[in-house]
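Letters go in sequence order (proteins before strands), and every chain restarts at 1.
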Amino acid sequence: DSGVTQTPKHLITATGQRVTLRCSPRSGDLSVYWYQQSLDQGLQFLIQYYNGEERAKGNILERFSAQQFPDLHSELNLSSLELGDSALYFCASSVYAGVYNEQFFGPGTRLTVL
Amino acid sequence: SQQGEEDPQALSIQEGENATMNCSYKTSINNLQWYRQNSGRGLVHLILIRSNEREKHSGRLRVTLDTSKKSSSLLITASRAADTASYFCATDSQGAQKLVFGQGTRLTINP
């Protein structure tokens, strides 16, 4: 158990819908990362927040957005869902923001778009 | 595009044998990390090696880094059935604040 929690574990929805994925980082970790893992694209970095501020951006679509709240939990919002958005979405956390830091991954949310 | 690429894509060996996985990357890096992922689960950090290090050990794991060849290898000695998983290398690009993961090597340890 990494100490990172993600809810829900599974999510099934229809195209065009909007969903919110939630992540609680490990106690004491200030940085949160979101990743998307799919069979064809592999593990793709989406976005990083550090202490409430956006720190780095990866291959995140405009239909996706995220935020980190004052209690440091984070939410990833996916809207106008398409079939291709079906994937495992992971949240990870680390103490600091830099790439030297070990990242602790949550169990993931499996999103299925029908 | 992927910064790191693992080789082989899949590896199947007998329990007790050593497993070697390789990772190649394209641009200069600050560090390289290896992660393990059991089927459908979150990734677990294994080891981090900095660009000025050439070799690092952790238990049955040995990681090497050759920055001149832009490559790294992960050696798992005396493999066990519990080592069955996918292994990913992750690299940063100098100046970038993100890790980029390779496609992974799927390792199967046969009893």
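- Residues B:His45 and A:Glu102 share a closest heavy-atom pair of CG-CG, 3.2 Å.
- Among residues at least two apart or in separate chains, there is no disulfide bond (SG atoms under 2.5 Å apart) pair with a member in residues 51-81 of chain A.
- At a threshold of 4.5 Å between side-chain heavy atoms, the hydrophobic network of Ile, Leu, Val, Met, Phe, Trp and Tyr places A:Trp34 and B:Leu99 in two separate groups.
- Under the 4.5 Å side-chain heavy-atom criterion for Ile, Leu, Val, Met, Phe, Trp and Tyr, A:Leu30 and A:Val32 are members of distinct hydrophobic clusters.
- Within the model, atoms CZ of A:Phe105 and OH of B:Tyr35 stand 5.5 Å from one another, a figure rounded to the nearest 0.5 Å.
- Of all residues spanning residues 72-91 of chain A, those with a heavy atom less than 4.5 Å away from chain B's heavy atoms are A:Leu88, A:Phe90, arranged by number.
- With a 4.5 Å cut-off on non-hydrogen atoms, A:Phe104 does not touch chain B at all.
- Side chains of A:Gln37 and B:Gln37: a donor on one and an acceptor on the other come within 3.5 Å.
- With a 6.0 Å radius and a threshold of 12 heavy atoms from other residues, nucleotides or ligands, A:Arg26 has its CZ atom above the threshold.
- In this structure, chain B has no heavy atom under 4.5 Å from any part of A:Asp1.
- Cluster annotation: B:Phe88 is not connected to A:Leu46 through the hydrophobic network of ILVMFWY side chains, with a link wherever side-chain heavy atoms come within less than 4.5 Å.
- Linking ILVMFWY side-chain heavy atoms closer than 4.5 Å, directly or via other members, places B:Phe101 and A:Ile47 in two distinct hydrophobic clusters.
- In this structure, A:Ile60 is not a member of the same hydrophobic cluster as A:Phe45, with clusters built from ILVMFWY side-chain heavy atoms closer than 4.5 Å.
- Within 6.0 Å of atom CZ in B:Arg80, 12 or fewer heavy atoms from other residues, nucleotides or ligands are found, so the atom counts as exposed in its surroundings.
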